[in-house]
Amino acid sequence: MRRVLLTGIALLMAGGAAFADPIEGRWKTKSGNTAEIVPCGGQYCITLKTGEHAGKQIGKFKPEDNGQYTGTVTDPANDKTYSGKGSLSGNSFKMGGCVLGGLICRNETWSRM
């Protein structure tokens, strides 16, 4: 019995999902496509998985405090990169990119799949 209990604890501790950042996973974008967020070099990379621009990396974010993220967002249609911010609230991830020091911004809210 003790061996089973120790094995169970070891499996729980080794499971990557137990230590995953809440932002990781697959998300449904505003346009209905799927994007995946995975760890990459101390940040989180966002890659489109479906749609016209599938396979393109469209963002890199690093965690800040309380579900906040900062980084860059790339428009897959023209490959222009902008400063970006994101915030996580439950199963919603609001992210956006800005130009001119935040004067002009475009935001989207994604839902966890």
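Throughout, numbering of the chain's residues begins at 1 and tracks the sequence.
Closest approach of Val73 to Met95, counting heavy atoms only: CG2-CE, 3.8 Å. Contact detail for Trp27 and Asn91: the closest heavy-atom pair is CZ3-O, 3.5 Å. Between Gly51 and Asn33, the shortest heavy-atom contact is CA-OD1, 3.4 Å.
Using a 4.5 Å heavy-atom cutoff, the side chains of Pro39 and Glu24 are in contact. When side chains are defined from C-beta on, Thr109 does not count as touching Phe93, because their heavy atoms never get closer than 4.5 Å. Looking at Ile23 and Pro63, their side chains never come closer than 4.5 Å, going by heavy atoms from C-beta outward. Considering only heavy atoms from C-beta on, Thr74 stays 4.5 Å or farther from Lys80 through its side chain.
Between Tyr69 and Tyr44, the two ring planes are perpendicular [angle over 60°; tilted spans 30° to 60°].
Heavy atoms from other residues, nucleotides or ligands lying under 6.0 Å from CZ of Arg112 number more than 12. Crowding of Asn78 atom CG: a count of heavy atoms from other residues, nucleotides or ligands under 6.0 Å exceeding 12.
Using a distance-only test at 3.5 Å, with no hydrogens or angles considered, a donor-acceptor pair links the side chain of Thr50 to the main chain of Thr34.
Of the inter-residue distances, the one linking Cys98 atom SG with Lys85 atom NZ reads 7.0 Å to the nearest 0.5 angstrom. Rounded to the nearest 0.5 angstrom, Ile58 CD1 and Ile46 CD1 are separated by 6.0 Å. Distance check, rounded to the nearest 0.5 Å: NZ of Lys30 to OG of Ser111 gives 13.0 Å. Remark: Asn66 CG to Ser89 OG distance equals 11.5 Å, nearest 0.5 Å. For the atom pair Trp110 CH2 and Ser92 OG, the distance stands at 12.5 Å (nearest 0.5 Å).
In summary, the side chains of Thr72 and Thr81 do not present any donor paired with an acceptor at a separation below 3.5 Å, with no hydrogens or angles considered.
Scored by the side chain to side chain donor-acceptor pair (under 3.5 Å) test, Thr29 finds Ser31 as partners (sequence neighbours excluded).
Applying the salt bridge (Lys or Arg N to Asp or Glu O under 4.0 Å) rule to pairs touching residues 42-67 yields Glu36-Lys49, Lys56-Asp79, sequence neighbours excluded.
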